[in-house]
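I have placed the structure first, in the form of structure tokens, so that the comments after it can refer back to it.
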Amino acid sequence: MEHGHGEDATEAFVAHRNLLFTVAYELLGSAADAEDVLQETWLRWAGVDLGAVRDRRAYLVRITTRQALSRLRALGRRRESYVGSWLPEPLLTTPDVAEDVELAESVSMAMLLVLETLAPTERAVFVLREVFGLGHDEIAEAVGKSPAAVRQIAHRARAHVAARRPRAAVSAADTRSALDAFRRAVETGDLQGLLDILAPDVVLLGDGGGVKQAVLRPVEGAGKVARLLIAGMGRLTSSVALRPAVVNGRPALVVRLDGELDTVVAAHVEDGLITGLYTVRNPEKLAYMDRETRLSR
């Protein structure tokens, strides 16, 4: 690589790195895999003739999308043998992510789980169109389809997501308030307090990855979820601390055991009640909770 070309390529890559990471993360739900995709993107970008590139941002997004799609198809096969529920890898995000309401919703646990139900190409088209606002022609080049096909895929993906996406979450302040009530009830063993803050049809998902104990199947209903949580916390001691955090752009809780991060608890809140609880305990998925991650679009 020529020196001038190398500086130019590096400058462009660094300028768009947060965007590229966000694209890869939204397609994969895994920060570790998103980082691997960025490494692959850089290797390909370093060999590109920059003089022939009209729009460096679009070109980089195209490389990243192609690499992420390839990885997503391989991961789909791996996840079929995953022990218990597979949940996205939680990110401790910078404050500005929460300020971008649309971005925060797109990377929320609830939304990423909806995206998991899309086929890989549908997911890429939906994310690039709805979250990043790319045109059909740009997306067509990224996913290897015609613009007309992309329009059809985008329409189908929007309908699929609309039928499955949770209702828009309440404000961050209301989510924080619900989680505060949840935390107080769990810490004091207040069963009625938990029942009061959980929606009747609340669903709890746990991800231990077969390494840490977690519910293997979704637990549904306020009564079942509340009793499970009270029973679990009843076995814990004063060495356990529940603390607020901002995870994937949303208020969440982190559980520390003897000072060590043990569990991330994310929630979806509607009408002041918790409708979804997502607990991630798999140690391999907690690596990005020790530093803030900057996302952008």
With Arg227 via salt bridge (Lys or Arg N to Asp or Glu O under 4.0 Å) - residues at least two apart: none

I want to check something: taking the side chain as every heavy atom from C-beta on, are [X] and [Y] in contact at a cut-off of under 4.5 Å?
X: Ile63; Y: Trp45; result: yes
X: Pro90; Y: Met289; result: yes
X: Leu277; Y: Leu229; result: yes

Side-chain donor-acceptor pair under 3.5 Å between [X] and [Y], yes or no?
X: Thr41; Y: Thr64; answer: yes
X: Thr94; Y: Glu292; answer: no
X: Asn282; Y: Tyr82; answer: yes

So which pairs with a foot in residues 111-121 pass side chain to side chain donor-acceptor pair (under 3.5 Å), sequence neighbours left out? Arg73-Thr121, Arg79-Glu116, Glu116-Arg123, Thr117-His160

Side chains of residues 147-158: which donor-acceptor pairs under 3.5 Å do they make with residues two or more places apart or in other chains?
| residue | atom | partner | partner atom | Å |
| --- | --- | --- | --- | --- |
| Arg156 | NE | Glu122 | OE2 | 2.9 |
| Arg158 | NH1 | Glu130 | OE2 | 3.0 |

Same hydrophobic cluster for [X] and [Y], using side-chain heavy-atom links shorter than 4.5 Å among ILVMFWY?
X: Val247; Y: Val186; answer: no
X: Leu113; Y: Val269; answer: no
X: Leu103; Y: Val127; answer: yes

Under 6.0 Å from the ring centre and within 45 degrees of the ring axis: does the NZ or CZ of Arg56 meet both conditions for the six-membered ring of Tyr59?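 Geometry flag: not set, cation outside 6.0 Å or 45°.
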
If you draw the axis of the six-membered ring of Phe126, does the NZ or CZ of Arg129 fall within 45° of it and under 6.0 Å from the ring centre? no

Parallel under 30°, tilted from 30 to 60°, perpendicular over 60°: which one fits the rings of Tyr25 and Phe21?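 Parallel: the ring planes of Tyr25 and Phe21 meet at under 30°.
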
Shortest non-hydrogen contact between Gly249 and Val97, atoms and distance: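 Here Gly249 and Val97 meet closest at CA-CG1, 3.9 Å.
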
